[in-house]
Protein chains: 2
Amino acid sequence: MKNITVGKLAKYTGINLETVRYYEKIGLLPVPERTESGYRVYDDNDVKRILFINRAKELGFTLKEIKELLNLKIESGKKCGDVKNIAVRKIKNVEKKIEDLIRIKSVLEKLVAQCSNESITTNECPILEAIELN
Amino acid sequence: MKNITVGKLAKYTGINLETVRYYEKIGLLPVPERTESGYRVYDDNDVKRILFINRAKELGFTLKEIKELLNLKIESGKKCGDVKNIAVRKIKNVEKKIEDLIRIKSVLEKLVAQCSNESITTNECPILEAIELN
DNA sequence: ATAAGCACCGTAGTATAGTACGGAGTCAAG
DNA sequence: CTTGACTCCGTACTATACTACGGTGCTTAT
């Protein structure tokens with residue numbers, strides 16, 4: 001998919017056209033090429049990028065963090081250490097999220113199981129078990 | 001921990017005192033008991049609840065969704081089907097999040113590995129690989 | 001018994017992340 | 001060559017989730 005307009009980009013990704021401009025303004029989307037008449041021109045990569053942004057948001061990353069994720073690339077050997085450090089931090093962060101989600105999932109599964117054998121009543125909030133106190 | 005004040009609750013959970021009142025207003029925290037003079041009284045369970053809210057937020061749940069999660073309990077046998085339906089939906093949602101996070105994690109790990117053998121340069125955005133196009 | 005430190009309340013302000021508006025120019029189908 | 005759909009832009013508005021303010025009342029340590 002090459003040379004698509006902002007309207008199509010918005011349509012393909014399910015976001016608002018104005019949101020595309022907004023993402024451009026805050027540096028989340030690269031400044032696009034323009035046609036002679038000044039229309040923005042996008043392609044595949046922009047679609048991918050927005051889909052990634054959409055998912056990352058649902059995973060609890062802020063736009064600022066998403067920007068950081070998207071900027072994680074190794075540019076001509078230099079700054080490799082920085083990239084590595086950030087990536088390692090992000091990995092830890094992601095691992096913690098996965099752990100918590102697994103814990104939430106297992107509580108939900110337990111709840112469904114209890115629902116199946118009708119009889120049991122939980123008057124306390126079972127989901128609270130998903131978080132460990134320290 | 002019993003009979004703690006709103007200030008202590010805020011301190012233990014790392015949230016702002018005003019946020020506690022806000023959570024109460026939107027029904028995310030139960031209406032607490034009051035002292036004779038009208039002070040809110042909290043305990044362990046409220047601490048747990050707020051810690052859960054804090055984590056759930058970082059996992060990309062909105063306050064509305066968190067409320068739904070916290071209300072997932074089986075009350076005296078009835079409405080068990082509803083609870084089950086909601087829980088099953090939430091499980092699917094959580095599974096999708098876990099999958100996406102695993103994919104993001106593996107991209108980040110690949111990046112760190114590339115960083116380690118110095119030579120490779122990635123000029124494109126590697127994190128975009130974490131989302132599959134369909 | 002008095003001052004510092006909490007808590008009460010409603011209301012207003014802030015940050016983040018969009019979303020809408022409206023007047024003007026552009027493109028493409030008939 | 002016009003009409004309708006699309007795009008441009010800046011600005012302003014909205015929703016969510018807090019966060020601060022400020023006047024008053026309560027609690028507690030000296």
Side-chain angles (χ1 to χ4, degrees), chain A residues 1-43 46-47 49-71 93 97, chain B residues 1-43 46-47 49-71 93 97:
Chain A
M1 235 175 337
K2 280 228 156 276
N3 296 347
I4 59 172
T5 58
V6 66
K8 293 223 173 83
L9 180 65
K11 206 168 173 188
Y12 295 156
T13 56
I15 70 170
N16 194 303
L17 182 147
E18 319 280 345
T19 307
V20 176
R21 289 206 304 127
Y22 172 68
Y23 284 173
E24 180 183 330
K25 204 177 82 187
I26 63 169
L28 204 50
L29 282 178
V31 175
E33 300 284 304
R34 299 279 185 136
T35 63
E36 295 255 311
S37 54
Y39 283 23
R40 288 170 178 81
V41 179
Y42 297 100
D43 64 17
D46 300 295
V47 174
R49 213 172 155 98
I50 292 175
L51 293 179
F52 177 79
I53 293 167
N54 285 166
R55 274 317 281 162
K57 272 193 305 170
E58 285 172 41
L59 298 172
F61 295 101
T62 63
L63 297 189
K64 207 177 143 201
E65 287 170 325
I66 295 170
K67 204 166 149 184
E68 227 183 359
L69 282 170
L70 288 167
N71 288 336
N93 181 231
K97 285 189 184 207
Chain B
M1 238 176 331
K2 282 227 156 274
N3 297 347
I4 59 172
T5 58
V6 66
K8 292 224 174 85
L9 180 65
K11 206 168 173 190
Y12 294 157
T13 57
I15 71 171
N16 193 303
L17 182 148
E18 320 278 346
T19 307
V20 177
R21 290 206 304 127
Y22 171 69
Y23 284 173
E24 181 184 330
K25 205 177 80 188
I26 64 169
L28 204 51
L29 283 178
V31 176
E33 301 283 306
R34 298 279 186 137
T35 62
E36 295 253 311
S37 53
Y39 283 23
R40 291 171 177 80
V41 180
Y42 297 99
D43 64 16
D46 301 294
V47 174
R49 213 172 156 100
I50 293 174
L51 293 179
F52 176 80
I53 294 166
N54 285 166
R55 269 320 275 164
K57 271 192 304 168
E58 285 172 40
L59 298 172
F61 296 100
T62 62
L63 296 189
K64 207 178 144 199
E65 288 172 323
I66 295 170
K67 203 167 150 183
E68 231 184 354
L69 282 170
L70 287 167
N71 287 336
N93 182 231
K97 285 187 186 213

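So that the names make sense, note that chain A is the first sequence line, chain B the second, and so on, each numbered from 1.
Between the CG atom of B:L63 and the NZ atom of B:K57 there is a distance of 6.5 Å, given to the nearest 0.5 Å. One distance of note links CZ of A:R21 with CZ of A:R40; it measures 6.0 Å at 0.5 Å rounding. Taken to the nearest 0.5 Å, the CD1 atom of B:I66 stands 12.0 Å off from the CG atom of B:N71. The distance from atom CG of A:L51 to atom CZ of A:R49, rounded to the nearest 0.5 Å, is 12.5 Å. Here B:T5 contributes atom OG1 and B:K8 contributes atom NZ; the two are 4.5 Å apart, rounded to the nearest 0.5 Å. Rounding to the nearest 0.5 Å places CD1 of A:I50 at 9.0 Å from CG of A:L28.
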Between the protein and nucleotides 23-25 of chain D, list every N/O to N/O distance that falls short of 3.5 Å.
| unit_1 | atom_1 | unit_2 | atom_2 | d |
| --- | --- | --- | --- | --- |
| D:dG25 | N2 | B:Y39 | OH | 2.8 |

>> Show, in sequence, the C-alpha distance, side-chain angles and deciding distance for B:V47 and B:I4, and conclude whether the side chain to side chain contact (heavy atoms under 4.5 Å, CB included) test is met.
In response: CA-CA 10 Å; B:V47 174; B:I4 59 172; 4.0 Å; yes

>> Would A:Y42 and A:T13 count as a side chain to side chain contact (heavy atoms under 4.5 Å, CB included) here? Give the steps.
In response: CA-CA 12 Å; A:Y42 297 100; A:T13 56; over 6 Å; no

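Of the residues in residues 17-37 of chain A, those with a non-hydrogen atom less than 4.0 angstrom from any atom of DNA chain D are A:L17, A:R21, A:R34.
Sequence order on DNA chain C of the closest nucleotides to A:K64 and B:V6 puts B:V6 first from the 5' end.
Salt bridge A:E58/A:R55: present, at least one basic N to carboxylate O contact under 4.0 Å.
Bracketed by its first and final contacts, the part of DNA chain C lying under 4.0 Å from non-hydrogen atoms of chain A reaches from C:dA17 to C:dC27 in 5' to 3' order.
Going from atom NZ of A:K8 over to atom C1' of D:dA5 covers 11 Å, rounded to whole Å.
Judged by distance alone, the side chain of A:T19 and the main-chain N or O of A:Y22 form no donor-acceptor pair under 3.5 Å.
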